[in-house]
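Numbering of ligands and ligand atoms starts at 1, following listing order.
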Amino acid sequence: MSLFNIGKEVIQVLKKNNHKAYFVGGCVRDYLLNRKVNDIDIATSATPDEIIEIFPRTVPIGLKHGTVLILHNDIGIEITTFRSEGNYSDNRHPSNVEFIKSLEKDLSRRDFTINAIAMDEIFNITDPFNGHNDLINKTIRTVGNPDERFSEDALRIMRALRFMSQLDFTIEYKTFNSLVKNSYLLKNIAIERIVSEFEKLILGENAVESLNAFFENNIHTHLPNIVLNNCKATKKFTKLNTLEERWAYLMISGNYETPKEVLKLLKLPNNKIKQIEILTSGFYKIINHNLNEKFIYEYGLNNTLSINKLNFAINNTGVSDEFINKMYECMPIKSRNDLCIDGHSLVDTVGIKKGIWVKELLEEIELLVLNGTIENDMHEIQEWIKTCKLQQYKN
Ligand code: ATP
Ligand code: MG
């Protein structure tokens with residue numbers, strides 16, 4: 001069953017229980033834009049307690065804000081009670097929320113007109129802020145006064161730029177001016193929230209313009225406790241597929257040779273940081289050395305392909321994927337696991353106590369096998385070892 005059909009059933013159940021219920025938020029926006037809908041949000045006049053009573057399987061994920069996750073046909077759907085918000089004390093969180101019965105009032109607290117459209121189960125829309133018109137004109141505009149809306153919750157600044165990128169929209173003039181003017185308030189927003197929007201921005205189809213709006217207007221200078229260098233992207237940026245490739249590109253454009261520290265401050269998870277570091281270091285290596293078997297061996301096939309793509313995106317130079325794939329296929333060993341001798345058997349063969357020499361000798365053998373001087377064959381490797389001067393390692 002499609003997500004919308006599941007949502008329809010949920011709305012019908014709420015209505016049977018005498019509550020109002022509508023599709024809202026991203027699913028309505030994406031449905032009207034003919035884009036893929038990822039998740040369904042439903043808004044209702046029912047209170048969280050009432051929702052929990054009506055549906056057998058519920059998870060109270062944000063009771064304070066009136067959000068209950070229900071499981072219907074094993075699909076999770078978020079149901080949020082219509083609400084209005086009190087004053088915002090910290091540029092992010094309302095000091096109190098009030099559950100209400102009016103759909104229009106609930107829509108008026110939402111960030112942008114394109115996100116403030118409600119749709120019933122037979123696809124009739126309620127659109128008090130002309131969001132549909134803005135969808136047609138590809139415009140991002142705050143609901144109400146932009147200065148008020150951005151100072152209430154400065155995360156909306158990042159959301160506007162994210163939607164600009166994802167949807168390939170333009171931010172309406174007054175909304176954009178206000179966004180830049182209020183960007184200093186980002187210092188009060190948790191970096192994790194900012195980065196989560198930023199990563200969606202990076203991956204969007206119009207990322208280049210949105211990124212350049214972000215950096216050229218110095219919005220990046222207002223992140224909490226981070227001095228982020230100025231980065232920029234050109235059209236080739238969009239040729240990069242993965243998030244890590246795109247992060248590496250930005251780091252390189254911002255002159256970060258070793259981006260670990262700044263990525264830590266941005267609170268990216270360690271595995272992601274590691275991957276971005278590998279790509280960045282590979283990029284600097286490839287521009288100073290030729291791409292050869294040793295490089296592919298060291299970085300692995302997929303990273304090499306990514307690094308080559310980065311080189312194209314940044315320097316407009318590189319080799320074909322086919323060339324890399326062929327070179328890889330011809331390599332007698334693809335990784336250390338393929339080498340027919342390991343540290344232990346090397347120690348046994350040589351008969352010297354293990355030490356730093358094991359690593360050095362293995363690396364030498366690896367290289368000789370890789371460039372075809374000796375075969376990846378235990379006997380041949382042993383013969384070669386006999387020719388080595390191992391005296392130096394004996395004491
Ligand atoms: P996505 O496709 O990424 O899920 P979305 O618009 O659905 O986009 P959500 O974060 O899921 O984004 O939020 C759902 C809806 O809640 C939004 O469409 C908007 O109406 C409202 N909303 C979310 N965050 C805010 C905010 N910071 N300020 C005001 N309204 C918000
Ligand atoms: Mg959503």
Polar side-chain atom of Arg110 near backbone of Ile117 as donor-acceptor pair, under 3.5 Å = no
Salt bridge (charged side-chain N to carboxylate O under 4.0 Å, His left out) evaluation trace for Glu244 with Arg246 = CA-CA 5 Å; Glu244 286 80 4; Arg246 291 185 173 205; over 6 Å; no
Show every donor-acceptor pair shorter than 3.5 Å between a side-chain atom in residues 95-103 and any protein atom, with sequence neighbours excluded, or say none if there are none.
from, atom 1, to, atom 2, distance (Å)
Ser95, OG, Asn87, O, 2.8
Lys101, NZ, Ser45, O, 2.9
Ser102, OG, Glu104, N, 3.4
Ser102, OG, Lys105, N, 3.0

Taking any residue with a non-hydrogen atom under 4.0 angstrom from an atom of ligand 1, which ones do you get?
-> Gly25, Gly26, Arg29, Asp41, Arg92, Arg109, Arg110, Asp111, Asn115, Asp153, Arg156, Arg159, Arg162, Phe163
Under 3.5 Å, which donor-acceptor pairs link side chains of residues 266-279 to any protein atom two or more places apart or in another chain?
from, atom 1, to, atom 2, distance (Å)
Lys272, NZ, Glu199, OE1, 2.9
Lys272, NZ, Glu199, OE2, 3.0
Gln275, NE2, Asn303, OD1, 2.9

Hey, does the side chain of Glu50 reach the backbone of Ala46 with a donor-acceptor pair shorter than 3.5 angstrom?
-> no
Quick one: side chain to side chain donor-acceptor pair (under 3.5 Å) partners of Ser345, sequence neighbours excluded?
-> Asp342
